[in-house]
A.B. asks: 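Take a look at this one; I'll ask things after.
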Amino acid sequence: MTANLPPQYDPQATEAKWQKYWEDNQTFKADPEKGGEPYCVVIPPPNVTGSLHMGHAFEETLIDVLVRYHRMTGRNTLWLPGTDHASIAVQTILEKQLKAEGKTRHDLGREKFLERAWEWKAESGNTITNQLRSLGVSVDWSRERFTMDEGLSAAVLEAFVRLYDEGLIYRGNYLVNWCPASQSAVSDLEVDQQEVEGHLWHFRYPLTDGSGYLEVATTRPETMLGDTGVAVNPKDDRYKHLIGKTVTLPIVNREIPIIADEFVDPTFGTGCVKVTPAHDPNDFEMGKRHNLPFINIMNKDGTLNENAGEFQGQDRFVARKNVVQRLENDGVLVKIEDYKHTVPYSERGKVPVEPLISTQWFVKIDPLSQRALEALDQSNSPVFVPDRWTKVYRDWLVKLKDWCISRQLWWGHQIPAWYAVSETQGEITDTTPFIVAKTEAEAREKATAKFGNDVQLARDPDVLDTWFSSGLWPFSTLGWPDETKDLEFYYPTTTLVTGFDIIFFWVARMTMMAGHFTGKMPFDTVYIHGLVLDENGQKMSKSKNNGIDPLLLIGKYGTDALRYTLVKEVVGAGQNIRMEYDRKTDESKSVEASRNFTNKLWNAARFVMMNLEGQTPQQLGSPSGGGALELCDRWILSRYNQVVQESRNCLENYGLGEAAKKLYEFIWGDFCDWYIELVKSRLQQDAEPNSKKVAQQTFAFVLEGILKLLHPFMPHITEEIWHTLTQTGDDRCLALQAYPEADISLIDAELEQQFELLFGTIRTIRNLRADADIKPSVKVTAILQSESEKERQIISDGGVYIQDLAKVENLTVTASLDADLGQTIAGVVGTVQVLIPLAGVVDLAALRAKLEKKLSKVEAEIKHTAARLTNQKFVDKATPDVVQGARDALAEAEKQAEILRDRLKLF
């Protein structure tokens, strides 16, 4: 019995089948013992709280294309999966649950809270990884990691203790981004810069000697309660005489100095700047330069503290209104301007962050960033694709400041520091001595030696910034600090695929950590991809509610269709792509087009297998060389090998979108639309046996090659077709087959050019037949005239294809035309004139009458629609969709009328 595919392709059943097969059979399990050339990618770990969004789908598809391709080229491949513990996100979820129960985390206590967090992780933490499975990613699930698993937790301890012992981690007071909602410091990455319509308040600070005043302006008037200076530029002639004098701070009546600092822009505002060192990063630096007092006016919950006087206990935004009112009452408020400016919001807390002085743990960045800079400047490591990101990455490394790594949370890696609280009345203060150690036992041993047997220890309650563990990800996941076989063989990893929006927060941390702990950059290449934009070209975000659910599109069109759409849309590495989407119907024309492509491939494969008489490509053997190959066989083999060469070149150079497009054009155009049609007659029952055999060999060979070329992009459908085509059992799979290599000797550019002329001729005859309304069953006479002997030879050699595909009974190829050919319809392809005599084929009078009738009907439609659109009542009352629909209908009718008039001119 001949093996074949079902009539209809069922993506859901096929994709589920192969995802289960690959995982059950550990198809993608890596083995360093096998040797060879490694190709290793560690997944950018999604948050354990996450659900698959279009950005994930895009990124993981790009990675999977690269990984599957390199696996098929023979590289020893490891794609390592895992998730990030997402301290703030998990804690937010749990605290919302507790709030609904009328509790706080403090009611539970740390131990019970963490038990609940691990329970949540066990129940809900696998959502994102299960959704990744639905994308068909070829990861090694046996090596799945979690940033708080035992091994990675040990790596975090090792890194922290080692950095501390080397003097690269310290505890100190510093200005941090503080989120009053989560009551924790947040990193720059956890801050979302939002443009807001705010105000700029101007007020006067009187000179203490009574000789005048200085005018300052601010977007945060409540912070004036913490001002400890007013700054002017030393070169500003307007204020030189005032430098060294003092002003009296309104409300507070504190005398503060007028200082000179080059940071001040004399052209901005009045050229005078209020200085609040405890609540602004620029003022913090100025305060240090001029030894100004640091007065904190804010509590950690966003209310004002005792330093705010009469405003103590008020929320910062309530205090803002009241401070302005007081300034107005005191007669020092000058004016209030509308002012659009950028405000940093906490991504998790959804509130504006507050620059706040706080005692935190920090990493000294300079020694780490210098090593990363050396690798970049001396060895161009890592290589960025596209290259334009290299300079941006370098600039970022140069500008980095010390990194605040402590977070006031419970879920995460607890800082391995124990305080000798018996030295400070049982409390942890800024001056409490501490011991850094990997375990409490080790800390106690050190503390006892230093403070005696009665020492009381309390562990630091804070946890590490999640980016600390993420910074170790490329090597900790491979076993570091232990010297494992995975680490020895697969490290440094080969490629990091990530978006430009987190390149510097994450990529820079990884390069700095890896350079310090391993002496190597963690990856050879960083491939930066763009964003998936919505149907209007806007960035998708929760706040805009314009996300597109990839799982919905997978359910409607299949995983392979979505994958192919995402990759095919990429025009050049790093470019954004726009996803076509109709929110009313949840449909996507671009993904539907890719689904149609899967159907086209499926039907073509069914046709091929129907005509192989139950034989596999292996049984049929490779297409014969020499004279046995007919002209169209040589053409398709040339095109195939050309596409193999182009695909390899594109994928080696991160031209994933270009490779996908070339394959689409070859498979749909060259193979399905042309080659299948060209060889149909050779597959008939009565066909010449040798010609039929060569056609079958070529069919089978090219189809199997197509499946291998397309597999990295569309792994499920290609695996299904390949198994049926090759009649292979469960012991082998396409994912582990060799990627095709081009046979350069079979590439014939001249032959391909000749076929372009043949195809152009066939298309022209088909178009002329349509214009003349010639029925498909009617064969015609065609006259092809060219003064070029070469063109005439090409047409003559391919005459059988023209006759077969254009339904031509009599074909004449000539250098000149007879004077009297009767009524003809003519067209041109290149320099070849194409004529079809119409006598005996078409009733010209009847055709003309038919076309005139159609034209009359279309012209009446144009008149009616145009009248509606010129009726102002219709335009005013109808919905915009209805009006646009009428305009579209008018444009289409006018186009049809133009086509009909052109056709009438022919007869």
Side-chain angles (χ1 to χ4, degrees), residues 43-53 55-56 81-132 144-153 155-157 160 177-192 300 345-351 353 361 404-416 459-473 476-477 502 505-506 509 542:
I43 197 170
N47 284 350
V48 71
T49 55
S51 292
L52 190 76
H53 57 62
H56 291 133
T83 49
D84 188 274
H85 61 276
S87 289
I88 294 177
V90 171
Q91 184 131 345
T92 301
I93 289 170
L94 295 176
E95 290 189 338
K96 280 182 181 176
Q97 291 177 359
L98 290 170
K99 188 176 181 181
E101 299 167 16
K103 299 176 185 174
T104 69
R105 60 175 161 141
H106 299 288
D107 295 329
L108 262 67
R110 188 176 195 125
E111 188 176 338
K112 292 290 184 187
F113 180 83
L114 290 177
E115 281 178 16
R116 186 157 175 165
W118 281 108
E119 285 170 11
W120 178 90
K121 199 271 181 187
E123 291 170 11
S124 307
N126 294 327
T127 299
I128 186 70
T129 51
N130 288 332
Q131 291 171 339
L132 286 175
E144 183 179 358
R145 304 306 299 264
F146 175 56
T147 47
M148 279 177 64
D149 68 30
E150 187 178 346
L152 299 194
S153 295
V156 167
L157 278 175
F160 186 97
N177 297 316
W178 186 263
C179 172
S182 62
Q183 293 199 34
S184 174
V186 292
S187 71
D188 291 340
L189 183 59
E190 295 155 342
V191 170
D192 180 24
K300 291 185 176 180
Y345 273 71
S346 166
E347 277 196 346
R348 301 298 179 186
K350 308 301 180 189
V351 297
V353 298
W361 291 87
C404 174
I405 55 171
S406 45
R407 298 290 180 268
Q408 288 63 55
L409 303 165
W410 284 355
W411 172 249
H413 296 283
Q414 192 171 357
I415 290 174
R459 187 168 183 178
D460 194 307
D462 291 353
V463 298
L464 287 166
D465 175 14
T466 51
W467 293 101
F468 190 90
S469 50
S470 296
L472 309 174
W473 185 254
S476 63
T477 52
I502 64 166
F505 303 105
W506 187 41
R509 280 165 169 73
K542 288 181 181 177

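The figures that follow rest on heavy atoms only: side chains count, while hydrogens, waters and symmetry mates do not. Numbers for residues simply follow the sequence, beginning at 1.
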A.B. asks: For the residue pair Trp411 and Trp118, establish whether any side-chain heavy-atom pair is separated by less than 4.5 Å.
C.D. replies: yes
A.B. asks: Name the residue from Leu464, Val463, Ile405 that meets the side chain to side chain contact (heavy atoms under 4.5 Å, CB included) definition with Ile415.
C.D. replies: Leu464
A.B. asks: Identify the heavy atoms of Gly412 and Ser87 that sit nearest to each other, and give their distance.
C.D. replies: CA-OG, 3.8 Å
A.B. asks: For Lys300, check side chain to side chain contact (heavy atoms under 4.5 Å, CB included) against everything at least two apart and list the hits.
C.D. replies: Trp178, Gln183, Leu356, Ser358
A.B. asks: Hey, could you give me the CH2/CG distance between Trp473 and Leu152, rounded to the nearest 0.5 Å?
C.D. replies: 6.0 Å
A.B. asks: Report the residues that fulfil side chain to side chain contact (heavy atoms under 4.5 Å, CB included) with His53, sequence neighbours left out, ordered by chain and then residue number.
C.D. replies: His56
A.B. asks: Run the side chain to side chain donor-acceptor pair (under 3.5 Å) test against Ser153 and tell me which residues pass, sequence neighbours left out.
C.D. replies: none
A.B. asks: For Phe113, which residues count as a ring pair (Phe, Tyr, Trp, His ring centres under 6.0 Å) partner, sequence neighbours excluded?
C.D. replies: Trp410
A.B. asks: Is Arg116 close to Leu98 at the side-chain level, that is, under 4.5 Å between some pair of heavy atoms?
C.D. replies: yes
A.B. asks: Looking only at heavy atoms, which two atoms of Gly82 and Pro46 are closest? And how far apart?
C.D. replies: O-CD, 3.3 Å
A.B. asks: For atom CD of Glu101, is the number of surrounding heavy atoms from other residues, nucleotides or ligands below 6.0 Å larger than 12?
C.D. replies: yes
A.B. asks: If we only count heavy atoms from C-beta on, is the Thr92 to Thr49 side-chain gap below 4.5 Å?
C.D. replies: no
A.B. asks: Rounded to the nearest 0.5 Å, what separates atom NZ in Lys121 from atom CZ in Phe146?
C.D. replies: 5.0 Å
A.B. asks: With sequence neighbours excluded, tell me which residues meet side chain to side chain contact (heavy atoms under 4.5 Å, CB included) with Thr129.
C.D. replies: Thr83, Asn126, Arg133, Trp141, Glu144
A.B. asks: Kindly write out the residues that satisfy side chain to side chain donor-acceptor pair (under 3.5 Å) with Ser184, not counting sequence neighbours, or none if the list is empty.
C.D. replies: none
A.B. asks: Is the backbone N or O of Leu409 less than 3.5 Å from a side-chain atom of Gln91, with the two atoms forming a donor-acceptor pair by type?
C.D. replies: no
A.B. asks: Under the rule for side chain to side chain donor-acceptor pair (under 3.5 Å), what residues qualify as partners of Glu123, not counting sequence neighbours?
C.D. replies: none
A.B. asks: Any heavy-atom pair between the side chains of Val351 and Cys179 that's under 4.5 Å?
C.D. replies: yes
A.B. asks: From Met148 CE over to Thr466 OG1, what is the distance, rounded to the nearest 0.5 angstrom?
C.D. replies: 11.5 Å
A.B. asks: If I take atom CD1 from residue Ile88 and atom CG from residue Asn47, how far apart are they, to the nearest 0.5 angstrom?
C.D. replies: 10.0 Å
A.B. asks: Mind checking side chain to side chain contact (heavy atoms under 4.5 Å, CB included) for Gln414 and listing every partner two or more places apart, or none if nothing turns up?
C.D. replies: Arg110, Arg459
A.B. asks: Holding to ring pair (Phe, Tyr, Trp, His ring centres under 6.0 Å), I want the full list of residues that pass it with Trp361, two or more places apart in sequence or in another chain.
C.D. replies: Phe160, Phe434
A.B. asks: Drop me the distance from Ile128's CD1 to Ser51's OG, to the nearest 0.5 angstrom.
C.D. replies: 6.5 Å
A.B. asks: Is Arg105 close to Leu94 at the side-chain level, that is, under 4.5 Å between some pair of heavy atoms?
C.D. replies: no
A.B. asks: Start with the C-alpha distance between Val156 and Leu472, add both sets of side-chain angles, then the distance that settles side chain to side chain contact (heavy atoms under 4.5 Å, CB included), and finish with yes or no.
C.D. replies: CA-CA 8 Å; Val156 167; Leu472 309 174; 4.0 Å; yes
A.B. asks: His85 versus Val90: any side-chain heavy-atom pair under 4.5 Å?
C.D. replies: no
A.B. asks: Holding to salt bridge (Lys or Arg N to Asp or Glu O under 4.0 Å), I want the full list of residues that pass it with Asp149, two or more places apart in sequence or in another chain.
C.D. replies: Arg145
A.B. asks: With a 4.5 Å limit on heavy-atom distance, are the side chains of Asp84 and Ser470 in contact?
C.D. replies: yes
A.B. asks: Restricting to side chain to side chain donor-acceptor pair (under 3.5 Å), what partner residues turn up for His413, sequence neighbours left out?
C.D. replies: none
